[in-house]
**Q** 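Once you've had a glance at the structure underneath, I'll fire off some questions.
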Amino acid sequence: METDLAIRARGLRRAFGNLKAVDGIDLDVPRGMIFAILGPNGAGKTTLLRMLATLTRPDDGTAQVMGHDLARHPERVRAAIAMTGQFASLDEDLTGHENLVMLARLWGFGWRAGRGRAAELLAAFDLSDAAKKQVKDYSGGMRRRLDIAASLIVTPGVLFLDEPTTGLDPSARAGVWRLIRGLAAEGVTILLTTQYLEEADQLAGRIAVIDHGRKIAEGTSRELKAQTGSGMLHVTPLDPGNRQIALGLLGEAAQSDPEGGRISVPVADDAEASAHLARLAEANIRLAEFSLGAPSLDEVFFALTGREAA
Amino acid sequence: MSIPLPRGPRPAAPSPASTALTFAWRAVLKFRHVPEQLFDLVMTPIMFTLLFTFIFGGALAGSSTAYLQWFIPGILVQTTVFNTVYSGMGLSTDLSKGLFDRFRSLPIWSLAPFAGLMAGDMLRHTIAGAIILGIGLGLGYRPEAGLSGILGSWLLLMAVGFGWGWIFIVLGLVLRTPMTVMTLGFAVLFPVTFASNIMVDPATMPGWLQAFVAVNPISSMTTAMRSLMAGTAALPEIGLALLSPALLTLALAPLVLWLYRRK
């Protein structure tokens, strides 16, 4: 069954005791896209991903992954996907090379071909120097790269990434982002979960926001931002001493960023932004910097759920 | 960054045998990288062998050497049964680290990871058994049936390890942490192996305990081991020893599969 959707899910549900982890979620993920599931801790992201990866059985609902039905042909789904869980799913006692050879063997490679594939992946993921080190001695970023490499022994149709950058430092995070973009450029569909709004904004073609097991919004980053209906004006007074005066001039909704000295105020449109700037100019407050931007996803999340993102 | 993503046809799915072989290879690698685990496997049995032989041996059997003849086949059974606990702990660790999720999301035979675990266990039992036997031989233990007795005993130990191994695979799947598996495992296995004919002839035990020792499968396995080493093994004896491993496999293998799929 050929379809242009990599994943099509309808009414997926899963409860653990009284907790409705996933409470009726529909999902359409087009082929070749980076699709982000965004939500705070405990929103049901991992359960949703595990159901689609055949690791957790849904209580109710149906899904097709790469055209294969989850309930009827889980083995075909498994052949079409790869999953990188939240915690590095590697054997810590083995070396990076041995981990990949083991998985290559389990995919049907012979010993020699498996060793070749392992070496090739280690080189591509910049891990050749650590090939003979035990995984327990790897840094967080190296572990995560190896974990993703372990999902690419054969080319998956869909790659599931559960919080791929949680716990990584900024440079390791940037490395994983480059990787994810590179894979998407090669045509691999990627479904990732994240609690970082910035991550979804940076990577994903589409974002589903979930909270308490339900999907509360879906769209492109731009569409989600448009749902809050306003932009933000940011200004930084040249003289820090003028900050309090500027805050007063910009009205009650204005907020000052304690570190950067930047003041942000929501505006309905560019005319309102111009009016604010004019008021500051009249008061002789010179600005080091000003900008008009769409609201951040943090603000979007707050607008959608009425509470701060985790 | 360029990632090599093969476009051509994938290799054919591996056979169950090849999959099990891969898991066994993993077990061998673990021995190479973590040789300390051997210490866990043989420390208790070595300590028991030395304590019982030199402290109690004379009192129990007239001399340490005479006691060795009685004790070594039994401690081999105890070592094997104790060591099944470690495979349950290993499984529990794999589960908590997410490694099993990766295995489960692969298109392989769903019992393959367990077959692999078992293959690793067989290797562990063989190595631990060889060390204990080596120490026994060094102290003066002499199996009357010689090499054929040792081979026969080895086969029986493999069957014991295989059958009893299922108990701890079930516990590994059900219990949350490796520590719980170990604590619970030894809490059950210590009394069960002591209340058998491994250490002493049960003739001096109170009647109710003798009744337990008589039906304790550890006793029948130990008796069969002694007969195999002595070259006097009879078929009913061997059959009785194999009964508990066979029953455990029949009862628990389907349970393991069910637990695993239910997750």
Side-chain angles (χ1 to χ4, degrees), chain A residues 50 53-57 75-95 98-99 101-111 113-114 117 120-121 123-126 134 147-156 160 175 178-179 181-183 186-188, chain B residues 1-37 90-91 93-110 112-113 115-117 120 178 258-263:
Chain A
R50 290 178 61 89
T54 77
L55 292 175
T56 297
R57 215 174 261 207
E75 71 294 339
R76 288 190 204 164
V77 172
R78 279 179 212 128
I81 62 160
M83 163 107 180
T84 296
Q86 204 165 333
F87 307 102
S89 28
L90 301 160
D91 189 326
E92 306 221 325
D93 293 331
L94 268 50
T95 67
E98 287 162 351
N99 265 287
V101 172
M102 171 175 73
L103 290 166
R105 291 271 312 157
L106 296 176
W107 275 105
F109 283 79
W111 288 107
R117 181 67 184 142
E120 189 176 37
L121 282 167
F125 283 73
D126 202 16
Q134 282 175 273
D147 210 8
I148 295 177
S151 294
L152 300 173
I153 304 283
V154 300
T155 310
F160 295 100
R178 273 200 302 280
L179 244 171
R181 289 199 187 99
L183 287 170
E186 297 284 334
V188 178
Chain B
M1 173 180 311
S2 135
I3 301 148
L5 292 173
R7 296 290 169 196
R10 296 174 174 186
S15 68
S18 148
T19 306
L21 184 67
T22 303
F23 281 108
W25 175 69
R26 176 183 173 221
V28 175
L29 289 176
K30 276 191 176 276
F31 264 110
R32 205 152 75 194
H33 290 301
V34 199
E36 308 90 273
Q37 62 174 304
L91 174 64
T93 308
D94 284 353
L95 283 169
S96 64
K97 289 243 156 73
L99 186 59
F100 246 68
D101 281 346
R102 186 176 289 288
F103 294 150
R104 287 177 66 208
S105 67
L106 291 173
I108 53 173
W109 177 48
S110 48
L117 216 61
W258 181 77
L259 283 170
Y260 182 62
R261 293 210 168 126
R262 198 194 55 151
K263 279 214 164 243

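Computed from a prediction, not measured in an experiment: that's the story for all the values here.
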**Q** Go through Leu90(A), Asp126(A), Leu121(A), Thr95(A) and name the one with the most non-hydrogen pairs under 4.5 angstrom from chain B.
**A**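 The residue among Leu90(A), Asp126(A), Leu121(A), Thr95(A) with the greatest pair count is Leu90(A).
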
**Q** Side chain, backbone, both or neither: which part of Ile153(A) has a heavy atom under 4.5 Å from chain B?
**A**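 The answer is the backbone of Ile153(A).
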
**Q** Taking the side chain as every heavy atom from C-beta outward, state whether Trp107(A) and Pro107(B) have any pair of such atoms under 4.5 Å apart.
**A**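 Side chain of Trp107(A) against side chain of Pro107(B), heavy atoms only: contact under 4.5 Å found.
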
**Q** Go through the atoms of Ala53(A) and report whether side chain, backbone, both or neither lie under 4.5 Å from a heavy atom of chain B.
**A**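 Contact with chain B: backbone only.
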
**Q** Where do Arg78(A) and Leu106(B) come nearest, in terms of heavy atoms and distance?
**A**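 The pair with the smallest heavy-atom distance is CD-O, 3.5 Å.
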
**Q** Does Thr93(B) have any side-chain hydrogen bond (donor to acceptor under 3.5 Å, both in side chains) partners at least two apart in sequence or in another chain, and if so, which?
**A**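 Applying side-chain hydrogen bond (donor to acceptor under 3.5 Å, both in side chains) to Thr93(B) gives none.
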
**Q** Closest heavy-atom contact between Asp93(A) and Lys30(B)?
**A**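 It is OD2-NZ, 2.8 Å.
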
**Q** State the CZ-OG1 distance between Phe109(A) and Thr22(B), to the nearest 0.5 angstrom.
**A**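 One gets 12.5 Å once the value is rounded to the nearest 0.5 Å.
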
**Q** Check whether Arg76(A) gets within reach of chain B through its side chain, its backbone, both or neither, counting any heavy atom under 4.5 Å.
**A**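 Interface part for Arg76(A): neither.
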
**Q** Quick check on Phe100(B) against chain A: is it the side chain, the backbone, both or neither that has a heavy atom closer than 4.5 Å?
**A**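 Neither part; nothing is under 4.5 Å.
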
**Q** Which heavy atom in Pro6(B) sits nearest to a heavy atom in Arg117(A), and how many Å separate them?
**A**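 In this case the closest contact between Pro6(B) and Arg117(A) is CD-NH2, 3.2 Å.
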
**Q** Please round to the nearest 0.5 Å and tell me the distance separating atom CG of Leu106(A) and atom CD1 of Ile108(B).
**A**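 Reported to 0.5 Å precision, the distance equals 5.0 Å.
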
**Q** With a 4.5 Å heavy-atom cut-off, do Leu94(A) and Arg26(B) have their side chains touching?
**A**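 Sidechains of Arg26(B) and Leu94(A): in contact.
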
**Q** Quick one: closest heavy-atom pair of Arg104(B) and Leu55(A), and the distance?
**A**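 Result for this residue pair: NH2-O, 3.1 Å.
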
**Q** Does Arg10(B) use its side chain to pair, donor to acceptor, with the backbone of Thr155(A) at less than 3.5 Å?
**A**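 A pair under 3.5 Å: yes.
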
**Q** Is there a donor in the side chain of Ser151(A) and an acceptor in the side chain of Arg102(B), or the other way round, less than 3.5 Å apart?
**A**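 There is such a pair (donor and acceptor under 3.5 Å, judged by atom type) between the side chains of Ser151(A) and Arg102(B).
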
**Q** Select one option (side chain, backbone, both, neither) describing which atoms of Ala113(A) are under 4.5 Å from chain B's heavy atoms.
**A**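 Neither part.
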
**Q** Which residue out of Val188(A), Ile81(A), Val101(A), Asn99(A) racks up the most heavy-atom pairs below 4.5 Å with chain B?
**A**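 Most heavy-atom pairs within the cutoff with chain B belong to Val101(A).
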
**Q** Specify which of Ala13(B), Ser18(B), Pro11(B), Ser15(B) makes the most heavy-atom pairs with chain A at under 4.5 Å.
**A**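 Option with the top pair count is Pro11(B).
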
**Q** Is Asp147(A) close to chain B through its backbone or its side chain, or both, or neither, when contacts mean heavy atoms under 4.5 Å?
**A**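 Both the backbone and the side chain of Asp147(A) come within 4.5 Å of chain B.
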
**Q** In Å, rounded to the nearest 0.5 Å, how long is the span from CG of Asp101(B) to OG1 of Thr84(A)?
**A**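 Reported to 0.5 Å precision, the distance equals 11.5 Å.
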
**Q** Among Glu98(A), Gln134(A), Glu92(A), which residue satisfies the side-chain hydrogen bond (donor to acceptor under 3.5 Å, both in side chains) criterion with His33(B)?
**A**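 Considering Glu98(A), Gln134(A), Glu92(A), a side-chain hydrogen bond (donor to acceptor under 3.5 Å, both in side chains) with His33(B) is found only for Glu98(A).
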
**Q** Report the distance from atom CG of Leu5(B) to atom CD of Glu120(A), rounding to the nearest 0.5 Å.
**A**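 Reported value, rounded in 0.5 Å steps: 9.5 Å.
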
**Q** Side chain, backbone, both or neither: which part of Val77(A) has a heavy atom under 4.5 Å from chain B?
**A**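 Nothing of Val77(A), per the 4.5 Å heavy-atom cut-off to chain B.
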
